[in-house]
Amino acid sequence: MIDIQHNINATHQRIKQASVQQGVEPPILLAISKTRPASDIVVAFEAGVRHFGENYLQEALEKIAALEGYPIEWHFTGPIQSNKTRAVAENFSWIHTLDRNKIARRLNEQRPEKLGKLKVCLQVNVDREESKSGLLPERVAELAEEVSLLPNLELKGLMAIPQAGAKDAPRKKSFQTLARMLAELKKIHPQMDVLSMGMSGDLELAIAEGATIVRVGTAVFGQRIKKP
Ligand SMILES: *Cc1c(COP(=O)(O)O)cnc(C)c1O
């Protein structure tokens, strides 16, 4: 049995310790609940988590419907294609994976006014990996400018997933690169203050470089349930 409540307490403890050590505000814990049932989300909610991230749209919509009435902030953290924009615009508070102007324009058009602005992080392919989603660093300023002009989107910050399997030193460098990019963008877009970086294995490293949202899956819910 996975003890989700215990895992959340332990994760909050890790976040707190790293934040105190660095003398920074603790980041938000975004629990990545992909492949986990709604009942696991309820346990995490009762342990104090309010932000949940989902990668697979169909699965997410079922859980969002099942948990209607819970004051949860839903974050979309998966790859986004044109045919998914409407459901994301209508059901989520945040998207962390925006990397194309066409998708931005669709989200802006499809966002219901009564929900307020959709909060957006631009995903950056910070390690310049082939076949990885996200913008190359030199393309980020342009998309930030375009998103900032769309009235139903709120440009919040940057998100990155460092290269899988990378050691601490290159990982730290990737987080530093993202933090430096945000600092640059802030000169033009002062409202940008979110760095979505750090996962189960490296959240301390990310906090040391200024993470304001850490996205944690397995450390909270245990190993993911395999998709068929
Ligand atoms: C699955 C996922 C995570 C969580 O990863 P863990 O290593 O399980 O903590 C974080 N961010 C994104 C975008 C993910 O898809």
Side-chain angles (χ1 to χ4, degrees), residues 2-15 18 26-37 40-41 43-44 47 49-61 63-64 72-81 84 88 92-100 103 118-127 129 131-135 140 156-168 170-172 174-175 178-179 194-227:
I2 296 151
D3 188 342
I4 293 170
Q5 180 168 354
H6 167 88
N7 289 349
I8 286 168
N9 292 342
T11 303
H12 272 139
Q13 199 54 40
R14 283 175 66 191
I15 290 172
I28 290 172
L29 171 58
L30 172 57
I32 304 293
S33 43
K34 62 188 181 210
T35 81
R36 314 304 314 199
D40 283 5
I41 296 176
V43 176
V49 178
R50 292 294 175 270
H51 296 263
F52 291 89
E54 290 280 344
N55 286 39
Y56 309 111
L57 187 61
Q58 200 47 49
E59 183 198 315
L61 294 178
K63 289 182 243 181
I64 291 170
I72 287 174
E73 284 214 45
W74 294 101
H75 297 236
F76 190 73
T77 52
I80 173 123
Q81 290 98 34
K84 297 184 186 171
V88 169
F92 287 81
S93 307
W94 286 76
I95 176 166
H96 290 237
T97 46
L98 188 64
D99 63 1
R100 271 176 296 157
I103 300 290
L118 178 67
K119 297 182 173 76
V120 169
C121 289
L122 306 182
Q123 183 177 352
V124 184
N125 182 356
V126 75
D127 295 321
E129 292 172 83
S131 76
K132 178 128 173 195
S133 39
L135 292 146
V140 173
K156 294 293 289 181
L158 301 178
M159 178 275 220
I161 310 169
Q163 194 155 23
K167 297 243 168 24
D168 280 4
R171 222 163 250 279
K172 183 179 165 75
S174 306
F175 292 146
L178 198 71
V194 171
L195 277 175
S196 167
M197 61 187 197
M199 310 195 285
S200 294
D202 59 13
L203 64 89
E204 288 86 355
L205 277 177
I207 290 170
E209 303 307 330
T212 64
I213 297 179
V214 290
R215 308 180 312 269
V216 183
T218 48
V220 166
F221 295 110
Q223 285 306 318
R224 278 185 278 286
I225 299 157
K226 282 249 159 54
K227 307 271 294 176

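One-based numbering, in listed order, for ligands and for the atoms of each. Worth knowing before you read on, the calculation uses all heavy atoms, side chains too, and leaves out hydrogens, waters and symmetry mates.
Thr35 has its side chain within reach of Tyr56: a pair of non-hydrogen atoms, C-beta onward, lies under 4.5 Å apart. Residues Gln123 and Cys121 are not in side-chain contact: their nearest non-hydrogen atoms beyond the backbone lie 4.5 Å or more apart.
Atom 10 (C) of ligand 1 has as its closest protein heavy atom Met199 SD, 3.2 Å. Scanning the protein heavy atoms around atom 4 (C) of ligand 1, the nearest turns out to be Gly217 N, 3.6 Å. Of the protein's heavy atoms, Lys34 NZ, 3.0 Å lies nearest to atom 14 (C) of ligand 1. Closest to atom 9 (O) of ligand 1, if we only count protein heavy atoms, is Ser200 OG, 2.5 Å.
Side-chain atoms of Arg100 come within 3.5 Å of backbone atoms of Ile80 as a donor-acceptor pair (strictly under, hydrogens ignored). Of the possible polar contacts, one joining the Arg14 side chain to the Ser200 backbone as a donor-acceptor pair under 3.5 Å is found.
Residue contact check: Thr77 has heavy atoms under 4.0 Å from atoms 13 (C) of ligand 1. Atoms of ligand 1 found under 4.0 Å from any heavy atom of Arg215 (numbered from 1 in listed order, with element): 4 (C), 9 (O), 10 (C), 11 (N), 12 (C), 13 (C). Interface of Val216 with ligand 1, defined as ligand atoms under 4.0 Å from a residue heavy atom, comprises 9 (O). Near Ile161, meaning under 4.0 Å from any of its heavy atoms, are these atoms of ligand 1: 13 (C).
Side-chain contact annotation: Glu73 with Trp94, donor-acceptor N/O pair under 3.5 Å present. Between the side chains of Asp127 and Ser174, at least one donor N or O lies within less than 3.5 Å of an accepting N or O.
Under 4.0 angstrom from ligand 1, there are no non-hydrogen atoms of His96.
In terms of polar-atom proximity, Asn55 is counted as a contact of ligand 1, with an N or O under 3.5 Å from an N or O of the ligand.
The only option from Arg215, Lys63, Lys84, Lys34 that meets the salt bridge (charged side-chain N to carboxylate O under 4.0 Å, His left out) definition with Glu54 turns out to be Lys63.
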